[in-house]
**Student:** 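Structure in structure tokens, see below.
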Amino acid sequence: MNEPEDTHNAKETRAAFVTAAKQAHQLISRLDREGGIALLVFCMQGGRMTRSMQHTYSFFVKVLCDEHVPVAVIVTKLETEENMDQWWDDNKEDLDKYGVTAAGHACVTSVKGHQGCYQQLYDESREKVHKLLLKLGNGESYKEPRENWVTRMVLHMRRILPPSFTDRELRKKLVKSCGLTDSEAMDVWLFVEYDVYC
């Protein structure tokens, strides 16, 4: 017997949430153990900014780091451009529209090309990226209590969950999948509920 489509979709959404929650918890736990985040590196291919790229950027910069961590943007696949660095100036307005800002950037190629035809550009690109990371990566690491990270992540995920995903289910998933205590899960849930309905 086949399930109704909406029941099937709700199960898929719940499963995706659990997977995302587990991955988020693993990431948060690792960041917590290793002292936080000093630099985000956002790599993108040259071309137009997409909605998916915008969501990825926003998730890491705004949700995970609460806009406290500098971002280095590295734009790749520019080996056929006459001047790779010109790409940034030509596309800065579009990046601004999508909310992508950078403390620094590098416009590069990551390929040597057939028989090394881009070797010089590749070597220059390696040097650009190296200098950028050294310049921006020496700052203070951003770290905050694990519960704050979990709360922002859950709040972000809650906004995309269907209404059929109950508050009770959310709290249970926080305990089971994210390793929170009942009390921590309740605190996160109360914060999320307050934020969603206020």
Side-chain angles (χ1 to χ4, degrees), residues 16-46 49-76 85 87-88 91-92 95-108 110 124-160 170 173-192 194-196:
F17 176 81
V18 170
T19 300
K22 285 179 182 177
Q23 291 172 344
H25 178 260
Q26 290 169 349
L27 176 61
I28 289 166
S29 295
R30 185 171 177 195
L31 292 172
D32 192 46
R33 277 192 315 273
E34 295 184 11
I37 306 170
L39 177 66
L40 288 171
V41 179
F42 184 67
C43 296
M44 60 181 282
Q45 293 181 6
M49 186 76 172
T50 66
R51 210 33 116 189
S52 175
M53 291 162 64
Q54 178 191 25
H55 290 304
T56 300
Y57 176 91
S58 181
F59 175 78
F60 282 97
V61 173
K62 296 178 181 172
V63 176
L64 182 63
C65 296
D66 202 24
E67 300 186 87
H68 286 93
V69 177
V71 180
V73 175
I74 299 176
V75 185
T76 64
D85 293 323
W87 186 93
W88 187 264
N91 291 277
K92 180 77 172 92
L95 293 171
D96 289 342
K97 276 193 270 185
Y98 280 101
V100 174
T101 59
H105 67 274
C107 296
V108 302
S110 59
E124 291 169 8
S125 295
R126 284 178 47 113
E127 185 68 23
K128 279 190 219 177
V129 171
H130 183 76
K131 284 181 180 178
L132 178 66
L133 297 180
L134 284 176
K135 176 183 169 189
L136 298 178
N138 290 325
E140 189 86 13
S141 289
Y142 172 67
K143 186 176 178 182
E144 62 179 307
R146 184 174 69 110
E147 294 79 29
N148 292 3
W149 272 332
V150 172
T151 299
R152 274 199 313 279
M153 293 247 199
V154 170
L155 184 58
H156 176 74
M157 289 187 277
R158 182 70 169 139
R159 289 186 179 123
I160 59 174
L170 178 60
K173 299 293 185 199
L174 288 171
V175 171
K176 186 176 179 187
S177 301
C178 296
L180 298 181
T181 65
D182 289 330
S183 174
E184 290 170 334
M186 181 58 84
D187 287 346
V188 169
W189 174 76
L190 288 171
F191 180 83
V192 169
Y194 176 78
D195 192 74
V196 168

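This is a predicted model, so every value here is computed, not measured.
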**Student:** Work out which heavy atom in Leu39 is nearest to a heavy atom in Ala72; give both atom names and the distance.
**Tutor:** CD1-N, 4.0 Å
**Student:** To the nearest 0.5 Å, how far apart are CG in Leu132 and CD in Glu127?
**Tutor:** 11.5 Å
**Student:** How many angstroms lie between OG1 in Thr50 and CD in Gln45, if you round to the nearest 0.5 Å?
**Tutor:** 10.0 Å
**Student:** Starting at CG of Leu31, measure out to CD1 of Ile37 and round the result to the nearest 0.5 Å.
**Tutor:** 4.5 Å
**Student:** Can you tell me how far the NZ atom of Lys128 sits from the SG atom of Cys107, to the nearest 0.5 Å?
**Tutor:** 6.5 Å
**Student:** My understanding is that only residues two or more places apart in sequence, or in another chain, count here; which of them pass salt bridge (charged side-chain N to carboxylate O under 4.0 Å, His left out) with Lys143?
**Tutor:** Asp32
**Student:** To the nearest 0.5 Å, what is the distance between CG (Leu95) and CH2 (Trp87)?
**Tutor:** 5.0 Å
**Student:** Is there a side-chain contact between Val108 and Val75 (heavy atoms, below 4.5 Å)?
**Tutor:** no
**Student:** Using a 4.5 Å cut-off on heavy atoms from C-beta on, say whether the side chain of Met53 contacts that of Tyr98.
**Tutor:** no
**Student:** Work out which heavy atom in Ser141 is nearest to a heavy atom in Gly35; give both atom names and the distance.
**Tutor:** CB-O, 3.3 Å
**Student:** Using side-chain hydrogen bond (donor to acceptor under 3.5 Å, both in side chains) as the criterion, list what pairs up with Glu140, not counting sequence neighbours.
**Tutor:** none
**Student:** Can you list the residues that meet the salt bridge (charged side-chain N to carboxylate O under 4.0 Å, His left out) rule with Glu144, with sequence neighbours excluded?
**Tutor:** Arg152
**Student:** Gln54: what forms a side-chain hydrogen bond (donor to acceptor under 3.5 Å, both in side chains) with it, not counting sequence neighbours?
**Tutor:** Arg51
**Student:** Say you draw a straight line from CG of Leu133 to CD1 of Ile74; how long is it, rounded to the nearest 0.5 Å?
**Tutor:** 5.0 Å
**Student:** Please list, chain by chain and in numerical order, all residues satisfying ring pair (Phe, Tyr, Trp, His ring centres under 6.0 Å) with Trp88, sequence neighbours excluded.
**Tutor:** His105
**Student:** Return all side-chain donor-acceptor pairs below 3.5 angstrom for residues 57-71, not counting sequence neighbours, or 'none' if the list is empty.
**Tutor:**
unit_1	atom_1	unit_2	atom_2	d
Tyr57	OH	Thr101	N	2.9
Tyr57	OH	Thr101	O	2.7
Tyr57	OH	Thr101	OG1	3.2
His68	ND1	Cys65	O	3.4
His68	ND1	Asp66	O	2.8

**Student:** Can you name the side-chain hydrogen bond (donor to acceptor under 3.5 Å, both in side chains) partners of Arg33, sequence neighbours left out?
**Tutor:** none
**Student:** Is the shortest side-chain heavy-atom distance between Lys97 and Met49 below 4.5 Å?
**Tutor:** no
**Student:** Do other residues, nucleotides or ligands put more than 12 heavy atoms under 6.0 Å from Lys92 NZ?
**Tutor:** yes
